[in-house]
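All remarks here apply to the structure that follows.
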Number of protein chains: 2
Amino acid sequence: MPKMMSKPTTIEHVDLDVLEDTLSFYIRTMNIAVSRDLDARLDGCDVARGTGKITTLLLVDSHPGIRPSVIAQIIMKDRSAMGRLIEQMIEHDLLRRQTSASERRAQELYVTPKGAELAAMIRPIVTKQSKDFFSFIAEEEQAQVMDILRRAYRKMVGMTGEKR
Amino acid sequence: MPKMMSKPTTIEHVDLDVLEDTLSFYIRTMNIAVSRDLDARLDGCDVARGTGKITTLLLVDSHPGIRPSVIAQIIMKDRSAMGRLIEQMIEHDLLRRQTSASERRAQELYVTPKGAELAAMIRPIVTKQSKDFFSFIAEEEQAQVMDILRRAYRKMVGMTGEKR
DNA sequence: AAAAATAGTTGCATTTGTCCACTATTTGCC
DNA sequence: GGCAAATAGTGGACAAATGCAACTATTTTT
């Protein structure tokens, strides 16, 4: 039984039990907040809601011909979820799909003109949103956290240090 | 138009465009991974899936009589979502609810014996999971990230520095 | 030539989140 | 005292996202 505190009626009297020192708690919670904020800023933008659309669009834009399965790994979705996401974006005329000539199982993805335009529009928004949202953390510390999480992420998805 | 790279077929050839330097991307992505891992470890545990159950259980356990609306703030859910969460946990016989004597609009939440037991069981798991999951980040850095995120979180939900 | 692996699709069941309206209670103001 | 506004919680409807498992097509292994 942990230290007892009783009937808190405002958030200021609450301590978070073991979650106080649990990194996963903060990640999970901050995620909710950032995502909500981002969605708000992208309202109506065709890529609002849910992780993945933005990443997919940007990735296809900067890697023409990239495959669904590669994106899936990057955003940690399973293939079926990825497929649906792409389907959706094709319907919105953001992406185009074609079977790879060399690997007829696989597909190559390309942005449409509309997709390219949207990518260009979104890129600065996404960057700014992240900066703004975390603005109450000093720039330095932001960079620190990002640095650490970037390394963590890379290990997790199996990206090697060298990108080429 | 960003630097072009073409038809990557494996994740190692991919760069993340502007997301590479976007903290929100890492938060959102790591969130997916941590959450999945956590769910896996808690499989069948009555509190698996979705943010909130764990926090709610632990919070009620260590703050007997706490109100739904306070928890809602902490986990950033709206009241209706919170209500449903609690309903669910009551059905599972983890929590008990009673109207506050002094504030008949409000409710006080308490754990049932079963809930207390589960809380005790979960506490170490949650802590360990977080440590394990982030184990490829040095302890020191883990602490650093947590420290920064904790402050961010506190500001965000409006917790003052002093916990009374 | 058969078996196994890979890429993608489809259907289904479950969850979740959000929006909005509704009740009950309390507080504040005149 | 009495009315209006704020607060706590409930309930319904609806749109999405998620995960699982089964299924097709293509390539690779053996």
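By convention in this document, chain letters (A, B, ...) are assigned in the order of the sequence lines, proteins followed by strands, and residues within each chain are numbered from 1. Quick note: numbers below take in every heavy atom, side chains included, and nothing from hydrogens, waters or symmetry partners. Note that the structure is a prediction, hence the values are computed from the model and not measured.
Between B:Ser102 and B:Ser100, the side chains place a donor N or O and an acceptor N or O closer than 3.5 Å (distance only, hydrogens not considered). Between the side chains of A:Arg28 and B:Ser35, a donor-acceptor pair is found at a separation under 3.5 Å. There is a side-chain donor-acceptor pair under 3.5 Å between B:His63 and A:Asp15.
Not a single donor-acceptor pair under 3.5 Å links the side chain of B:Thr22 to the backbone N or O of B:Phe25. For the pair A:Lys53 (side chain) and A:Ile86 (backbone), a donor-acceptor distance under 3.5 Å is absent. In this structure a side-chain-to-backbone donor-acceptor pair under 3.5 Å is missing from A:Thr99 to A:Arg104. Of the possible polar contacts, one joining the A:Gln142 side chain to the A:Phe134 backbone as a donor-acceptor pair under 3.5 Å is found. In terms of modelled atom types and a separation under 3.5 Å, the side chain of A:Thr127 and the main chain of A:Arg123 share a donor-acceptor contact.
With rounding to whole Å, B:Met82 atom CE is found 17 Å from D:dG11 atom C1'. Put simply, NZ on A:Lys77 is 7 Å from C1' on D:dA17, counting in whole angstrom units. If you measure from atom CD of B:Glu91 to atom P of D:dT10, you get 13 Å, rounded to the nearest angstrom. In this structure, the CZ atom of A:Arg67 is 11 Å from the C1' atom of D:dT27, given to the nearest Å.
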Trace of the salt bridge (charged side-chain N to carboxylate O under 4.0 Å, His left out) decision for B:Glu20 with A:Arg150: CA-CA 8 Å; B:Glu20 188 77 37; A:Arg150 184 187 297 122; 3.8 Å; yes
Stepwise salt bridge (charged side-chain N to carboxylate O under 4.0 Å, His left out) check, A:Asp39 with A:Arg36: CA-CA 5 Å; A:Asp39 280 348; A:Arg36 219 176 272 166; over 6 Å; no
Worked check of salt bridge (charged side-chain N to carboxylate O under 4.0 Å, His left out) between B:Lys131 and B:Glu139: CA-CA 8 Å; B:Lys131 281 218 185 79; B:Glu139 283 265 357; 6.0 Å; no
Which pairs, protein N/O on one side and nucleotides 20-22 of chain D N/O on the other, fall under 3.5 Å?
| from | atom 1 | to | atom 2 | distance (Å) |
| --- | --- | --- | --- | --- |
| D:dC20 | N4 | A:Ser80 | OG | 2.9 |

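If you check every strand for non-hydrogen atoms under 4.0 Å, B:Gln107 touches sugar and phosphate atoms only.
Within a 6.0 Å sphere centred on CD of A:Gln98, other residues, nucleotides and ligands contribute more than 12 heavy atoms. Atom NZ of A:Lys128 sits in a sparse spot, with 12 or fewer heavy atoms from other residues, nucleotides or ligands closer than 6.0 Å.
Annotation: proximity of residues 93-106 of chain B to DNA chain C (heavy atom, distance under 4.0 Å) is found for B:Ser102, B:Glu103, B:Arg104, B:Arg105, numbered in ascending order. Annotation: proximity of residues 31-41 of chain A to DNA chain D (heavy atom, distance under 4.0 Å) is found for no residue.
Where the helix from C:dA1-D:dT30 to C:dC30-D:dG1 starts and where it ends, the local axes point in directions that differ by 30°; five pairs per end, rounded to 10°.
Toward the 5' end of DNA chain C, the nearer of the two residues B:Thr51 and A:Gly83, judged by each one's closest nucleotide, is A:Gly83.
Taking both residues in full, the closest heavy atoms of B:Leu57 and B:Met89 are given as CB-CE, 3.8 Å, listed atom of the first, atom of the second, then distance.
Residues passing the side-chain contact (heavy atoms from CB on, under 4.5 Å) test with A:Ala72 are A:Met82, sequence neighbours excluded.
Between A:Arg97 and A:Glu87, at least one side-chain N (NZ, or NE/NH1/NH2) sits under 4.0 Å from a carboxylate O, which counts as a salt bridge.
Chain B approaches DNA chain C over the interval C:dT16 to C:dT26, counting the first and last nucleotide 5' to 3' with an atom under 4.0 Å from its heavy atoms.
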